[in-house]
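Ligands are counted one by one from 1 in listed order, and the atoms in each one are counted from 1 as well.
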Amino acid sequence: VASVDSVCAAAVEVARVAAEAEAGAPGRVGPHLGVDAEGERVAVHRFRCDDPGYRGWYWAVQVSRVARARAVGIDDVVLLPGDGALLPPPWVPWSDRLRPGDVGVGDLLPTAADDPRLALRVSDTEGWVDTDAWLELGLGRPRVLSAEGRDDAAERWYDGDPGPLSPLARAAPGPCLGCGFFVRLAGTLGQAFGVCANALAPDDARVVSVDHGCGAHSEALVLPSAHPAPVIYDDTELDLTEAAGHAPGSVDAREASEPYGHS
Ligand code: SF4
């Protein structure tokens with residue numbers, strides 16, 4: 001970096017006037033903090049900003065001159081954050097701020113054309129070699145889960161509530177794999193995951209791993225049926241009774257009070 005040009009360095013008041021003009025109100029430009037070389041015959045003067053809304057900021061006024069000129073011109077005036085300046089938190093893209101549950105009724109959530117969780121169908125790109133995803137073909141979808149998207153989901157599910165380490169699973173009498181309510185997923189994810197189809201289980205209608213489990217396991221506690229099979233009468237073995245003297249299907253008072261089957 002060149003040394004500070006002496007004419008530019010001396011132009012403190014010229015720079016101050018420019019800063020005050022930019023500040024727009026008196027009392028917002030404080031003491032001179034210093035001057036730095038920006039190039040040959042180019043320098044930046046710094047003034048403390050005394051605007052109460054910008055504590056820790058400073059005015060930077062760039063001045064320069066042409067060769068052999070004894071006067072400087074103003075190139076730029078900006079307000080910059082210094083040490084201890086109050087700044088907003090770093091900007092985070094909306095796609096990184098989204099959390100599960102943020103998508104509500106009627107909301108549309110876009111996915112990038114190159115979202116790494118998705119892969120094009122084999123007919124759309126040559127050289128696509130994810131053989132696992134071949135299993136997903138034929139359903140008319142432009143994109144299917146990529147290996148990365150599938151691994152993401154598997155890790156998230158396995159390490160979360162649907163996996164074997166959740167409190168529910170740890171206290172379970174047996175794994176989902178041996179439960180009659182376990183419905184295995186199709187495709188590669190089916191090697192480790194299925195859906196719980198037990199209306200009384202906490203995970204009903206949710207993905208569960210083969211080694212997840214809960215107290216509603218179909219084989220945990222098998223009781224005698226609460227609905228005994230109905231008694232089926234073999235009417236070829238019944239004694240027939242003559243019911244003469246009144247219309248078919250009716251009984252008299254004596255017959256009605258007698259036990260069934262007696263004459
Ligand atoms: S009832 Fe329990 S053990 Fe059976 S599939 Fe559902 S979560 Fe797994």
Side-chain angles (χ1 to χ4, degrees), residues 92-125 128-233:
V92 179
W94 65 266
S95 53
D96 292 349
R97 273 182 271 136
L98 277 177
R99 291 288 172 267
D102 283 352
V103 179
V105 177
D107 292 343
L108 295 179
L109 178 61
T111 53
D114 58 352
D115 190 322
R117 298 170 303 167
L118 297 169
L120 292 175
R121 287 184 305 147
V122 69
S123 58
D124 297 325
T125 178
W128 182 58
V129 291
D130 183 356
T131 50
D132 286 340
W134 279 68
L135 297 171
E136 302 268 5
L137 294 179
L139 300 180
R141 291 172 291 166
R143 292 187 289 172
V144 295
L145 265 186
S146 65
E148 181 177 336
R150 191 183 56 241
D151 293 349
D152 269 3
E155 273 179 33
R156 193 170 60 250
W157 295 345
Y158 202 78
D159 294 342
D161 287 343
L165 302 179
S166 67
L168 194 66
R170 284 175 183 272
C176 293
L177 187 61
C179 175
F181 296 108
F182 179 73
V183 181
R184 201 182 271 278
L185 292 187
T188 314
L189 283 170
Q191 292 172 8
F193 297 100
V195 172
C196 174
N198 184 347
L200 299 180
D203 288 312
D204 178 42
R206 297 200 181 108
V207 166
V208 288
S209 69
V210 292
D211 45 2
H212 182 69
C214 80
H217 192 292
S218 64
E219 311 311 315
L221 205 55
V222 181
L223 298 176
S225 172
H227 307 285
V231 176
I232 299 173
Y233 290 101

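Looking at Arg97, its side chain does come within 3.5 Å of a backbone N or O of Val92 through a donor-acceptor pair. Distance alone, capped at 3.5 Å, is enough to place a donor-acceptor pair between the His212 side chain and the Gly163 backbone. Side-chain atoms of Ser146 come within 3.5 Å of backbone N or O of Arg117 as a donor-acceptor pair.
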* Between Leu185 and Val195, does a side-chain contact (heavy atoms from CB on, under 4.5 Å) hold up when you go through it step by step? -> CA-CA 7 Å; Leu185 292 187; Val195 172; 3.8 Å; yes
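Protein nitrogen, oxygen and sulfur atoms, that is N, O or S, within less than 2.8 Å of atom 6 (Fe) of ligand 1 amount to 1.
The heavy-atom pair separating Val210 from Pro175 by the smallest distance is O-CB, 3.5 Å.
Atom CZ of Arg150 sits about 4.5 Å away from atom OG1 of Thr188, to the nearest 0.5 Å.
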